[in-house]
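So the structure is just underneath, and the comments pick up after that.
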Amino acid sequence: MKITDARVFVCSPGRNFVTVKIYTDAGVYGLGDATLNGRELAVVSYLQDHLLACLIGRDPFDTEDIWQYFYKGAYWRRGPVTMAAIGAIDMALWDLKGKALNTPVYNLLGGKSRHQILCYTHANGRDVAETLEKVAALVEKGYQAVRVQSGVPGLENIYGIAEKGRSYEPALRGNRPAEEVWDTAKYLRHVPKLMAQIRDQFGEDLHVLHDSHHRLTPIEAARLGKELEPFHLFWLEDPVAAELQEGFQLIRQHTTTPLAVGEVFNTIFDCHQLITHQLIDYLRVTVSHGGGLTPLKKMAALAEVYHVKMGCHGASDMSPICLAACLHLGIAVNNFGIQEYMGHNDLANEIFPHEYRFERGFLYLTDAPGLGIDFDESSVSSYPYQQAYLPLSRLTDGTLSNW
Ligand code: GCO
Ligand code: MG
């Protein structure tokens, strides 16, 4: 089998998605997600101007060599733009292999290690009372794991909180980022109170997660982790910006609250010390931003040795194609932990028909070949690209901080 064409598409059903499609002389095609929230067109250019033409004539089964060709072959390695582009190609090739062999991708990754995939979604009220209501509604739907965020008294717009009656979308349309004001002291006072009320109302059985979204220093994260210990979190996510891997030693020596990190990581070199020094419990690298299934299965294998479980980033700013790829990996590896599931709006679900489905707290895959997804190309003209940016954060004195 030979690759005959490869194209990239951008559509915006409520938010931007970048999709790669790889065609073959056997008639089957593969699909990959290349969306990088707020930086979409940089990935489109990288694919269009530098990678896609090099695929023509290649055998799509050679996923390892094609991955190395683009990774090592660029000389300029790593980084989110490069790795999202390579990730989309790799995902599309695994989809193609599955379709060509008429088998789901998970069968190529080791088969099923489980029949259902535990997932969590977000409860994000503007205050504690609204958050409690949202958690109650999710529990009603059967969720066994919920990520709990709430507005912080004294802070206006913060990460993770939707406007009234709208679902949360971090990237805002416009030609420059919105600015938010952040105050760590207020946040640190608020979160333990929030979690106390959650446990009070929902008991110990519910898995409770929380995302600090890179905002703390290691010693602040240590304090938060310690104060949250009585509430037995499933995980505390991104307590600090993780460029400094050794910073996690400071957090780890003070708290037994489990730590989850990795949604902004692109290669194993972003997290090898976190794994081998056992500084985290869950690795959140996702299939698209981490360069595809080829490197993700290697990361999962390294993580398994060090008792670290997988919990791939599954926000709605990756398309259903990426979520499907995460689910195929998640059902196959032994050290699966949990899958984030924000879901997508109805329009995105129509444009990307998919075989995975949610039922009472779990996601399920069928035995559809490949990744079990498709893409409606007419969305490109019906819902064209819209410029949008993730916000940025400043401290009360104007200092630029981590969003
Ligand atoms: C999560 C993430 C997202 C990111 C978003 C940025 O845990 O789901 O933190 O909400 O902020 O993916 O584009
Ligand atoms: Mg996060």
Side-chain angles (χ1 to χ4, degrees), residues 12 14-18 33-43 80-81 83-84 87 119-124 138 143 145-151 157-163 166-174 177-178 180 182 187 191 207-216 221 224 233-242 258-266 270-271 274 280-290 310-320 322-323 326 330 337-345 348 386-393 401-403:
S12 194
R15 62 159 349 285
N16 296 317
F17 291 116
V18 180
D33 175 27
T35 312
L36 185 64
N37 206 4
R39 294 291 186 270
E40 296 86 353
L41 299 186
V43 187
V81 173
M83 300 313 292
C119 66
Y120 72 91
T121 196
H122 301 181
N124 48 4
L138 294 171
Y143 278 100
V146 178
R147 192 191 84 163
V148 177
Q149 311 286 132
S150 108
N157 293 315
I158 66 161
Y159 164 75
I161 307 304
E163 284 169 35
R166 303 189 61 177
S167 54
Y168 176 66
E169 172 53 63
L172 301 173
R173 287 189 177 166
E180 297 175 354
W182 177 250
Y187 167 80
V191 180
H207 297 307
V208 177
L209 300 83
H210 179 73
D211 190 346
S212 292
H213 219 260
H214 322 271
R215 291 173 183 210
L216 307 177
L224 183 62
L233 260 55
F234 187 96
W235 79 35
L236 175 61
E237 177 176 330
D238 287 334
V240 300
L259 302 174
V261 178
E263 64 183 44
V264 300
F265 293 167
N266 314 116
D270 295 321
C271 50
L274 293 175
I280 58 170
D281 302 281
Y282 295 91
L283 182 62
R284 301 197 65 255
V285 184
T286 201
V287 178
S288 56
H289 302 155
M310 300 302 290
C312 295
H313 184 204
S316 50
D317 49 77
M318 278 83 62
S319 84
C322 179
L323 181 59
C326 293
I338 197 165
Q339 177 61 50
E340 182 180 24
Y341 176 57
M342 276 177 79
H344 293 91
N345 66 29
Q386 305 270 345
Q387 189 167 39
Y389 280 96
L390 290 171
L392 55 82
S393 226
S401 185
N402 297 321
W403 178 73

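Atoms within a ligand are numbered from 1 in the order they appear, just like the ligands themselves.
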Taking the side chain as everything from C-beta on, heavy atoms only, tell me whether [X] gets closer than 4.5 Å to [Y].
| X | Y | result |
| --- | --- | --- |
| C326 | T286 | yes |
| M318 | L323 | no |
| Q149 | I161 | yes |
| R147 | H210 | no |
| W182 | R215 | yes |
| L274 | F265 | yes |
| S212 | D238 | no |

message: For the 3.5 Å polar cut-off, considering only N or O atoms, please tell me whether H213 and ligand 1 meet it.
response: yes
- prompt: How would you list, by chain and number, every residue that makes a salt bridge (Lys or Arg N to Asp or Glu O under 4.0 Å) with R15, sequence neighbours excluded?
  reply: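 Partners of R15 by the salt bridge (Lys or Arg N to Asp or Glu O under 4.0 Å) criterion, ordered by chain and then number, come out as E169.
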With atoms numbered from 1 as shown, which atoms in ligand 1 lie under 4.0 angstrom from a non-hydrogen atom of [X]?
| X | answer |
| --- | --- |
| H313 | 1 (C), 2 (C), 3 (C), 8 (O), 12 (O) |
| N37 | 13 (O) |
| D211 | 1 (C), 7 (O), 9 (O) |

- request: Work out whether the distance between some heavy atom of M318 and some atom of ligand 1 is less than 4.0 Å.
  value: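 The answer is no: ligand 1 sits nowhere under 4.0 Å from a heavy atom of M318.
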- request: May I ask whether W403 places a heavy atom under 4.0 Å from ligand 1?
  value: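 Yes.
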Please state which protein non-hydrogen atom is closest to [atom] and give its distance, to 0.1 Å?
| atom | result |
| --- | --- |
| atom 10 (O) of ligand 1 | Y159 OH, 2.7 Å |
| atom 8 (O) of ligand 1 | E340 OE2, 2.5 Å |
| atom 7 (O) of ligand 1 | E237 OE2, 2.8 Å |
| atom 9 (O) of ligand 1 | E263 OE2, 2.7 Å |

task: Please report the closest heavy-atom contact between L259 and P239, naming both atoms and the distance.
output: CD2-CG, 4.2 Å
For H122, ring pair (Phe, Tyr, Trp, His ring centres under 6.0 Å) partners two or more places apart: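 Partners of H122 by the ring pair (Phe, Tyr, Trp, His ring centres under 6.0 Å) criterion come out as none, since no residue qualifies.
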query: ring pair (Phe, Tyr, Trp, His ring centres under 6.0 Å) with Y159: which residues, sequence neighbours excluded?
result: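 Scan of Y159 (ring pair (Phe, Tyr, Trp, His ring centres under 6.0 Å), adjacent residues dropped) gives Y168, H213, W403.
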query: Can you count the protein N, O or S atoms that lie less than 2.8 Å from the Mg ion (ligand 2)?
result: 3
- prompt: Heavy atoms only: which of N124, D317, L390 is nearest to atom 5 (C) of ligand 1?
  reply: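 The residue whose heavy atom sits nearest atom 5 (C) of ligand 1 is D317.
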